Amino acid sequence: MDPPQPDLDAIAGGFEFLGDQFQLCANLPAYQGGQQILVALNEITQQLREVNQRLDGLDARIGRNETRSSAIDLNNTVTKPDQPLEPLHALGTNEVIQDFPLTVADIRTTSGAALNHIFNAGTWTTDRGYFAGKTTTFEVALRRGSADSVADQQEQPTHRRH
């Protein structure tokens with residue numbers, strides 16, 4: 001007598017049965033809930049990316065404010081016209097403001113347009129901490145220099161040709 005042989009049709013039918021049963025696993029609540037969990041995790045991941053981008057922007061703004069505040073603090077200690085000033089940085093770009101006076105004495109010779117550029121570059125904000133409601137020596141010099149520069153430009157006679 002020959003040894004028993006496997007029934008290949010029965011094996012194939014068993015695999016077909018297993019395949020059908022595995023497809024039905026998609027109907028299980030745990031499986032469907034798992035898909036919902038993955039979708040929710042993807043949404044949370046996207047929100048975390050957006051929060052991270054906002055925090056990066058906030059870090060950059062804080063850095064610009066710290067740079068500006070340090071320069072203002074140093075400039076507010078200046079007591080002599082020939083003492084050097086720390087250049088201020090524009091709030092939007094954190095780059096040194098062009099044409100920034102080197103000393104308080106230089107403020108008087110800086111053009112009104114350049115001084116206006118300094119103010120317009122975001123040098124002064126409404127939130128000034130300790131200096132809120134106070135005018136600093138540096139600001140007085142800048143404002144006085146700006147007013148003097150404008151007055152000097154207006155006093156210069158214009159020569160007309162006849």
Side-chain angles (χ1 to χ4, degrees), residues 22-23 25-162:
F22 278 121
Q23 283 182 334
C25 287
N27 298 333
L28 291 172
Y31 178 80
Q32 290 174 345
Q35 292 292 44
Q36 292 169 348
I37 290 171
L38 288 176
V39 168
L41 284 175
N42 285 335
E43 290 173 1
I44 290 170
T45 301
Q46 181 59 34
Q47 290 172 353
L48 287 173
R49 284 188 188 119
E50 292 170 9
V51 167
N52 201 20
Q53 288 173 343
R54 288 183 198 154
L55 288 175
D56 289 343
L58 184 59
D59 283 345
R61 282 193 311 209
I62 288 170
R64 290 191 299 266
N65 282 331
E66 287 175 350
T67 300
R68 180 183 60 81
S69 294
S70 294
I72 289 172
D73 289 345
L74 286 171
N75 291 339
N76 282 327
T77 63
V78 171
T79 57
K80 297 178 184 172
D82 61 339
Q83 278 183 277
L85 293 172
E86 182 69 24
L88 296 182
H89 294 218
L91 286 176
T93 62
N94 203 30
E95 294 178 5
V96 172
I97 297 173
Q98 290 181 328
D99 301 324
F100 193 83
L102 299 176
T103 66
V104 172
D106 290 340
I107 293 172
R108 182 140 174 78
T109 60
T110 302
S111 73
L115 291 171
N116 282 335
H117 173 72
I118 291 169
F119 284 111
N120 291 333
T123 304
W124 313 117
T125 65
T126 55
D127 178 21
R128 298 184 45 219
Y130 170 77
F131 295 106
K134 300 176 183 179
T135 303
T136 65
T137 305
F138 179 63
E139 283 180 292
V140 169
L142 276 178
R143 288 184 180 146
R144 195 174 290 145
S146 180
D148 290 347
S149 292
V150 171
D152 289 347
Q153 290 171 1
Q154 290 175 346
E155 289 176 10
Q156 293 177 357
T158 56
H159 299 285
R160 292 187 186 172
R161 288 189 144 181
H162 295 289

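Along the sequence shown, residues are numbered consecutively beginning with 1. Remember, predicted model here, so these are calculated numbers, not experimental data.
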Partners passing side chain to side chain contact (heavy atoms under 4.5 Å, CB included) against Q23 (at least two apart in sequence or in another chain): D20

Just verifying a value: how many Å separate L85 CG and T77 OG1, rounded to the nearest 0.5 Å? 9.5 Å

Side chain of D106, backbone of T103: donor and acceptor closer than 3.5 Å? yes

Nearest heavy-atom neighbours spanning R64 and N94: CG-CB, 3.4 Å

For the CG atom of D73 and the CZ atom of R68, what is their distance to the nearest 0.5 Å? 9.5 Å

How many angstroms lie between CD in Q46 and CD in E43, if you round to the nearest 0.5 Å? 10.0 Å

Taking E86's backbone N and O only, do any of them form a donor-acceptor pair with N75's side chain (distance below 3.5 Å, no angle check)? yes

What one should report as the nearest heavy-atom pair of P87 and A71 is O-CB, 3.7 Å

Distance in Å, T45 OG1 paired with N52 CG, rounded so as to fall on 0.5 Å steps: 12.0 Å

Does I72 offer a backbone N or O that forms a donor-acceptor pair with the side chain of N76 under 3.5 Å? yes

To the nearest 0.5 Å, how far apart are CG in L74 and CG in L88? 10.0 Å

Nearest 0.5 Å, please: how far is CG in L38 from CD in Q36? 10.5 Å

State which residues pass side chain to side chain contact (heavy atoms under 4.5 Å, CB included) with S70; sequence neighbours excluded, sorted by chain then number. none

What's the shortest heavy-atom distance between V78 and P84, and which atoms? CG2-O, 3.8 Å

For I97 and H89 the tightest heavy-atom approach is CG1-C, 3.9 Å

